[in-house]
Amino acid sequence: MNHEVPILLVVDDRPDNLYVIEQVMGEYLPACTVYTAPNAETALRLAIEHHPDGILSDIQMPGTDGIQLCRQLKAHPETSHIPVVLMTAHKSEVNLRVEALDAGADDFIAKPIDNVELAARLKVMFRIKQAHDKLDLANLQLEEKVAERTFELQEKIKQLEQSEEGLRTRESELIRMNSELERFAYTVSHDLKSPIITIKGFTGSLEKDLLSGNYQRMAEDLKRVSDAADKMVDLLRDLLELSTIGRAINTPEPEDMNLLVDDVLAQLAGPLKNSNLTVEVQTGLPKVLCDRRRMAEVLQNLVENAINYIGDQTEPRIEIGVRQEAGENIFFVQDNGIGIDKKYHQLIFGLFNKLDANSQGTGVGLALVKRIIEVHGGRVWVESEGVGMGSRFCFTIKEAPQ
Amino acid sequence: MNGEPLTILLVEDNSDHAELIIRNMEDFQVANTINHVKDGQAALDYLYGRGKYADRKLFPMPHLMLLDLRLPKVDGLDVLKEVKTSEALRAVPVVILTTSDAEKDMAMAYEYHANSYVTKPVNFVDFSRLLKDLGFYWLAWNSHPW
């Protein structure tokens, strides 16, 4: 629309008029392209095609007259913005002028046409049109810019919302980790301090007994000291173990569960024999996807647990197997030991939670089991009808693809 | 001071610590009876005279309760809260005797109206001295309602 050189479209049914106007243009506005049309139809087509910067049209034409043409031009979206100057022969006809203005005409020029005046008027028309076009263009650019900026802002808002969401998740994760750490530090300091009090206390007592020559309970007290030291060693080992688990494991590989169980049982042969335990392992256990070393730790902890809490069972037994439930493999380590009251079924998996303070464990084992299984994407829980009814520790783990 | 039998209820899940406490208390002969329970549930059963603690002759209301904080089944702070909100029990002097020197534990203990908060000393001489002092203060010097 914004042409380097203004374009004028002249519409007149009389070729001599067209010729005259072309001459005038050549003389007064040489830097102007002129199209001519002998009728309204051609004018409309040329207007759409060339987007002239102004249209100069005669009013009286056969067929569609200048006023009708003006109306059509102003109604068409491609041409509505083009200024139209109508040439009228009847200077005195007010009605015609009103009608033309109604049709959207921008200016009149009376016949007979004064060449200088025509040129001057067309110049003004072009200037206004040019200003208009510039304004339109600026508007358009502005709108584009606004749209662009709006889009950018929306993107930024979206990004902000996303990062805010991420921050919130991160924050709650940090809060959780922090409270876990707090609890960890608290328990570690408590659980490590406790055996120190025992060691210092009984060595103090031993010293006293030694001075007074009271030898009868010395052996027992020495054992307490030694056991407390062992407890510290166990706790330190378990803590180290727990700290290496973190949140990651080695890439899971397909492992034969039966081989894994056999390995673990071989390692625990000593304690198993000491407690007179029979272990029954189901054959043909499914292959699973796991970090072998970690899964061995799970099994080892569960079997050790069964040994530690077997109680005074006359025929102590452990059974390791799998059952199907809702298309899922559920592995279990079952014992006929002391069992666990239902209200402690959740609690026992918590870090440092122990039901019996004088039991062998450090309170880390089941927490470790839970963490390993969960890092593998599985679940772990205990089934026990209650005290004296034995326990069945169950866990799920992804099956290895066939 | 008037020759009535004095009883301590010791709530301690660590059997070694319990042995050390009882041994020291006995050495100083501060109480006639020290009854030891190993978890919070047993402590509450004892205080309310429930179940196997029904006989008040064998298990009298204590003149001092030494209460550890981290206990199996019912936590020490929950035992404390229960004792101090119970009309029948709130007069029992409760001394928290714990390994924990965590500020939070101490704040909570006093919030629940513990009569005293003592951290178990690591040093044996201090440990002995503390139990002697505790025993004499709460059983000999302190007046109790029963």
Side-chain angles (χ1 to χ4, degrees), chain A residues 179 182-212 214 216-218 220-232 340-344 347-348 350-361 363 387, chain B residues 10-28 36-43 66-79 96-109 118-132:
Chain A
S179 75
E182 231 170 69
R183 192 173 133 71
F184 186 80
Y186 171 87
T187 317
V188 168
S189 74
H190 177 277
D191 283 15
L192 283 178
K193 201 173 162 194
S194 198
I196 293 175
I197 290 172
T198 300
I199 291 169
K200 294 284 278 183
F202 282 99
T203 48
S205 181
L206 277 163
E207 229 173 301
K208 236 169 83 181
D209 286 351
L210 196 62
L211 284 175
S212 65
N214 179 5
Q216 70 206 64
R217 58 184 185 191
M218 283 185 140
E220 190 194 325
D221 286 3
L222 276 170
K223 188 172 183 314
R224 287 181 194 267
V225 170
S226 170
D227 286 352
D230 286 347
K231 190 144 236 174
M232 289 181 79
I340 302 157
D341 195 318
K342 278 218 166 70
K343 59 181 167 184
Y344 304 125
L347 197 72
I348 53 169
L351 187 56
F352 301 117
N353 286 342
K354 289 167 62 184
L355 295 185
D356 176 2
N358 297 315
S359 71
Q360 292 247 315
V387 176
Chain B
L10 171 63
V11 191
E12 172 61 74
D13 65 335
N14 184 310
S15 56
D16 291 331
H17 292 191
E19 172 67 19
L20 282 174
I21 292 165
I22 292 169
R23 221 179 252 190
N24 278 290
M25 287 281 188
E26 279 172 357
D27 281 356
F28 300 120
H36 173 212
V37 294
K38 292 179 179 174
D39 62 67
Q41 187 57 56
L66 294 176
L67 178 62
D68 194 8
L69 281 190
R70 276 178 34 123
L71 292 171
K73 294 177 188 176
V74 179
D75 186 64
L77 281 174
D78 292 327
V79 174
I96 303 295
L97 183 58
T98 173
T99 1
S100 165
D101 48 13
E103 254 174 59
K104 207 170 100 191
D105 282 338
M106 184 169 72
M108 288 303 281
V118 182
T119 306
K120 291 172 189 165
V122 171
N123 186 304
F124 177 67
V125 177
D126 294 339
F127 194 91
S128 295
R129 173 75 193 274
L130 165 72
L131 287 164
K132 181 182 166 186

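Numbers restart at 1 for each chain; the letters A, B, ... are given by sequence-line order, proteins then strands.
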Are B/Arg70 and A/Asp191 within salt-bridge range, i.e. N to O under 4.0 Å?
yes
Please classify the contact of A/Lys343 with chain B as side chain, backbone, both or neither, using a heavy-atom distance under 4.5 Å.
neither
Drop me the distance from B/Asn123's CG to A/Ile197's CD1, to the nearest 0.5 angstrom.
11.0 Å
Under a 3.5 Å distance rule, please check whether B/His17 uses its side chain to pair with a backbone N or O of A/Ser194 as donor and acceptor.
yes
Can you tell me how far CZ of B/Arg23 sits from CG of A/Asp221, rounded to the nearest 0.5 angstrom?
4.0 Å
If you take all heavy atoms of A/Arg224 and B/Asp16, which pair is closest and at what distance?
NH1-OD1, 2.8 Å
Would you give the length of the straight line joining atom NZ of B/Lys120 to atom OG1 of A/Thr198, rounded to the nearest 0.5 angstrom?
8.0 Å
Test salt bridge (charged side-chain N to carboxylate O under 4.0 Å, His left out) applied to B/Asp101 - qualifying residues, sequence neighbours left out
A/Lys193
Side chain to side chain contact (heavy atoms under 4.5 Å, CB included) against B/Leu20, all qualifying residues, sequence neighbours excluded
A/Phe202, B/Phe124, B/Phe127
Please state whether the side chain, the backbone, both or neither of B/Asp39 comes within less than 4.5 Å of a heavy atom of chain A.
neither
